[in-house]
Amino acid sequence: MIVSIDLGIQDEAMIAVNWSSTKLLELDISSTELSEQALIDFFSLVPKLTYLAVPFCDGFTDKVI
Amino acid sequence: MQLHDFNDLNEFPCNLKRLCICLSEVIFLEAFMRRVYGYISSLNTLHIIGTIEKSSSSVPEETDNYETINISKIKASAPNLRVINLYGIGFIDDSHVEAIASGCIHLQCLALNYCTRITGTSFKNLMNRCEKVQCLLLQNTGEKYRIEFDRLSRRLQDCFLVSCCYINP
C-alpha cells in the first residue's frame, strides 16, 4: 500500500485569495505542488506580474500558459 | 548560549535597517532577543535563516519543533518591516504568517522559501491586511511524502528478526 501525503501550499488556500485586489508583482512558486486548475484560476485573477518563477512546478502546464 | 542571560548587554544599535539572524536547531534566542526587542523598531529588512540544510542529515521531527525564535514578539517590536525573509525554518507555519500579517502593515516582500509547513491558509489574511505586498517568494514550500507501507512492514519484520536473534542466539 502506498500513501501519498502532500504538504505545502494547497490549491484551496491559493484560490481563496482575491488576487485581483492585490498589488502582487513578483511571485516564485518553484517546486510547489499547485495543480493545473489552481494555477489557471490564479492567473485569471492576478494582476500583471513582472516576475514569475515556476521551475519544477508540475502544475504549470501548456494549458496554464 | 541559551543559558546565558545577556544581562551585560546594555547597548545595541537603535537605528538598524537590516538584521540577519541565523538559527540553530537547539539554541533558543529569547534571552538575547529580550535585550534587543526595544532596539529594532527601525528595522526595514529582516532575514531569519533556518536550519533546513542541517536538519536534512538528522531526523527532522525531533529538531524542527522548537521555536528557537519568537516571531510574534519580533513583529510586535518591528512594525516597520518591509521585507521579511524566513528561509528554511522548520517550525514556521501559517499561524506565524498570520501574526506577521496582523503586525506588519507596511510589508512589501515576504519570502518563505523552504518553510515546508506553510499550507497557504494564511495568505487570504496576509493579502487583505498587508495591501502593499508586491513580492511573494514561495519556493519549495510544497513537499510530497510517499510512504510505502509494504516496504516499511518488511523492514520492521527484518528488524524484529534481528532483535530476536540477539535475544536468543
Side-chain angles (χ1 to χ4, degrees), chain A, chain B residues 52 60-61 64 82-83 85-88 90-95 97-98 101 105-154 156:
Chain A
M1 184 172 65
I2 298 172
V3 176
S4 283
I5 304 168
D6 283 342
L7 293 177
I9 296 172
Q10 304 294 308
D11 290 348
E12 302 76 26
M14 207 64 178
I15 297 166
V17 182
N18 182 14
W19 294 103
S20 58
S21 64
T22 66
K23 292 176 181 157
L24 194 70
L25 291 175
E26 300 173 355
L27 180 70
D28 184 344
I29 47 169
S30 315
S31 303
T32 54
E33 303 287 341
L34 292 167
S35 72
E36 179 186 67
Q37 191 54 51
L39 290 173
I40 289 172
D41 293 347
F42 168 76
F43 284 110
S44 68
L45 285 174
V46 77
K48 202 174 179 181
L49 293 176
T50 56
Y51 173 83
L52 174 67
V54 285
F56 306 105
C57 184
D58 295 342
F60 194 80
T61 59
D62 291 352
K63 204 175 164 189
V64 178
I65 295 171
Chain B
I52 183 86
E61 291 81 20
D64 283 355
R82 262 74 168 164
V83 178
N85 175 21
L86 307 175
Y87 180 92
F91 65 80
I92 291 289
D93 61 22
D94 287 272
S95 67
V97 178
E98 294 268 4
I105 56 164
H106 301 296
L107 191 66
Q108 293 176 359
C109 177
L110 179 64
L112 299 166
N113 297 343
Y114 292 92
C115 292
T116 50
R117 289 196 187 179
I118 295 288
T119 63
T121 52
S122 54
F123 290 171
K124 193 176 179 182
N125 281 339
L126 174 74
M127 299 310 286
N128 281 342
R129 290 180 192 155
C130 305
E131 294 177 350
K132 296 177 187 169
V133 170
Q134 295 183 344
C135 178
L136 267 183
L137 305 180
L138 309 170
Q139 189 187 348
N140 270 284
T141 42
E143 217 169 303
K144 207 170 231 178
Y145 289 102
R146 261 168 70 94
I147 302 170
E148 295 185 32
F149 278 100
D150 296 341
R151 192 178 287 179
L152 192 68
S153 66
R154 267 202 303 278
L156 286 173

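So that the names make sense, note that chain A is the first sequence line, chain B the second, and so on, each numbered from 1. Atom set for the values below is all heavy atoms of this structure, side chains included, hydrogens, waters and symmetry mates excluded.
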Option in B:Gln134, B:Lys124, B:Gln108, B:Glu131 with maximal non-hydrogen atom pairs under 4.5 Å from chain A:
B:Gln134

Rounded to the nearest 0.5 angstrom, the OG1-CG distance for B:Thr119 and A:Asp11 is 11.5 Å

Taking the side chain as C-beta and beyond, is there a heavy-atom pair between B:Met127 and A:Leu24 under 4.5 Å?
yes

Within this structure, what is the CD1-CG distance for the pair A:Ile29 and B:Leu137, rounded to the nearest 0.5 Å?
11.5 Å

In this structure, OG1 of B:Thr116 is separated from CD1 of A:Ile9 (nearest 0.5 Å) by 11.0 Å

Spacing of A:Thr32 atom OG1 and B:Asn140 atom CG [to the nearest 0.5 Å]
8.5 Å

Kindly compute the distance separating CG (B:Asn128) from CG (A:Asn18), expressed to the nearest 0.5 Å.
7.5 Å

Which residues pass the side-chain contact (heavy atoms from CB on, under 4.5 Å) test with A:Gln37, not counting sequence neighbours?
A:Ser35, A:Ile40, A:Asp41

Are side-chain heavy atoms of B:Leu138 and A:Asp28 found at a separation under 4.5 Å?
no

Let me check something: any side-chain donor-acceptor pairs from residues 48-65 of chain A under 3.5 Å, sequence neighbours excluded? List them with distances.
residue: A:Thr50; atom: OG1; partner: A:Leu25; partner atom: O; Å: 3.3
residue: A:Thr61; atom: OG1; partner: A:Glu36; partner atom: OE2; Å: 2.6
residue: A:Thr61; atom: OG1; partner: A:Lys63; partner atom: N; Å: 3.4

